Amino acid sequence: MSEAERRAARWVRPEVQALQAYQVAEPGDAIKLDAMECPWPWPGALVEQWLERLRGVAVHRYPDPGAGRLKGQLREAMGVPDGAGLILGNGSDELIQLLNLAVAAGGRTVLAPAPSFAMYRLLAAAAGAEYAEFPLGEAFGLDTAAARAALEAHAPAVTYLAHPNNPTGNGLDLEAVAAVAEAADGLVVVDEAYYAYAEASFLPRVLEHPNVVVLRTLSKVGLAGLRVGVLAGHPAWVRELEKCRLPYNLGSLAQASAEFALEHRAALDTAVARVRAERERLAAELPRVPGVEATWPSETNFLTFRVAAGRAQAVYEGLRARGVLIKRLDGSHPRLAGCLRVTVGRPEENDAFLAALAAALAA
Ligand code: PMP
């Protein structure tokens, strides 16, 4: 052991040493269907105008710390209720970190259903918070009895409800979300990362509950590289959370690019509509692939499916060998045994995926 390793082992907090850093597979030349990105780049003419816009960005200055212009556009584009405050983050991941730091750090508890988004647990540990979970119900819906029991047992400072849920893809019943919010004393975060692909949103109701904030992100609608996350909630929460936000967390290139993108929203909306249509096609075709044992309805830009227990790893590798990268869920939770997750891609990418999957399952 080197001296640096000895010092790190002595000083890095044990709960951090026990973590595994978030793993991202190296795509190489593969068709990349692992990360819920939008599969289309901007049209070329738009790229030229965007680059022109970036010329005017004063990168020798710090960015607008409050991202005022971008927030105004987001309010309008997302229909944020009047009276709600906004905080922007370097992706919604940063906002989850911020929430955990401000509300749960120092031994309080973060609660989330299982299975759900892996970062809730990781960022709870990073903040020195405890983590507790309760099981999702039938068809991965929100089981309010299980949620109430967990709220009582753990008195969490923060409860995360991903609606729609990653990695299962289903939307939650918004009445059940409201019931959990009412049963909770602490903050309830409704994480709407996939709002653009969902049938309903909690955002219009955010101010009806004194303990709810809503998270959104631009990552799944064509702007993953910009890293823009949005938190909307009562100003009482926003004021406190602001104290833990890094002053210049959104760079000026990201702000200018997101502003430009929102001025050209039709391009984003077109891509979302095409992804929705492709999702329906994939959802119809996936169950017909011999060896696919189950699929679940999705209100997201991905589909989760199951193959025979024990075959998920081989299928994942078979797809990789055929040039398609998806995500393994197998091993992350007992209810996801044999499960894999595919992000909806362009039509030809989805065709390649379906063909590669059929071949991998037949091998
Ligand atoms: N919440 C959920 C439920 C997600 O699935 C993701 C992305 N995988 C995020 C938040 C984070 O998204 P980003 O940091 O790109 O905004």
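In this text, all values refer to a predicted model and were calculated from it rather than measured experimentally. Each ligand, and each atom within it, is numbered from 1 in the order the structure gives. Counting from 1, the numbers follow the sequence of the chain as shown.
Ranking protein heavy atoms by distance to atom 12 (O) of ligand 1, first place goes to Ser92 OG, 3.3 Å. Among protein heavy atoms, atom 6 (C) of ligand 1 sits closest to Phe117 CZ, 3.4 Å. Protein heavy atom closest to atom 3 (C) of ligand 1, with residue, atom name and distance, is Asp191 OD2, 3.4 Å. Taking atom 7 (C) of ligand 1 as the reference point, the nearest protein heavy-atom neighbour is Lys220 NZ, 2.7 Å.
In this structure, Lys327 is positioned above the aromatic face of Tyr22, its NZ or CZ under 6.0 Å from the six-membered ring centre and within 45° of the axis.
For ligand 1 and Ser219, the ligand atoms under 4.0 Å from any heavy atom of the residue are 13 (P), 15 (O), 16 (O). The contact set between ligand 1 and Gly91, taken as ligand atoms under 4.0 Å from a residue heavy atom, comprises 14 (O), 16 (O).
Of the N and O atoms on the side chains of Arg341 and Asn166, at least one donor lies less than 3.5 Å from an acceptor on the other residue.
Looking at Phe302, Tyr194, Tyr160 and measuring to atom 5 (O) of ligand 1, the nearest heavy atom belongs to Tyr194.
Relative ring orientation between Trp42 and Phe260 is described as tilted, the plane-to-plane angle lying within the 30° to 60° band.
When the side-chain hydrogen bond (donor to acceptor under 3.5 Å, both in side chains) test is applied to Glu130, no partner is found at least two apart in sequence or on another chain.
Checked against a 3.5 angstrom limit, the closest N/O atoms of Tyr120 and ligand 1 fall outside it.
Taking the six-membered ring for Trp and the full ring otherwise, the centers of Trp296 and Phe302 sit at least 6.0 Å from each other.
Contact annotation for Met119 and ligand 1: no heavy atom of the residue comes within less than 4.0 Å of the ligand.
Under a 4.0 Å heavy-atom criterion, Arg227 is in contact with ligand 1.
Here Lys32 does not pair with Glu349 in a salt bridge; the nearest charged N to carboxylate O distance is not below 4.0 Å.
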Review item, side-chain donor-acceptor pairs of residues 80-92, under 3.5 Å, at least two apart:
| residue | atom | partner | partner atom | Å |
| --- | --- | --- | --- | --- |
| Asn90 | ND2 | Asn249 | O | 3.3 |

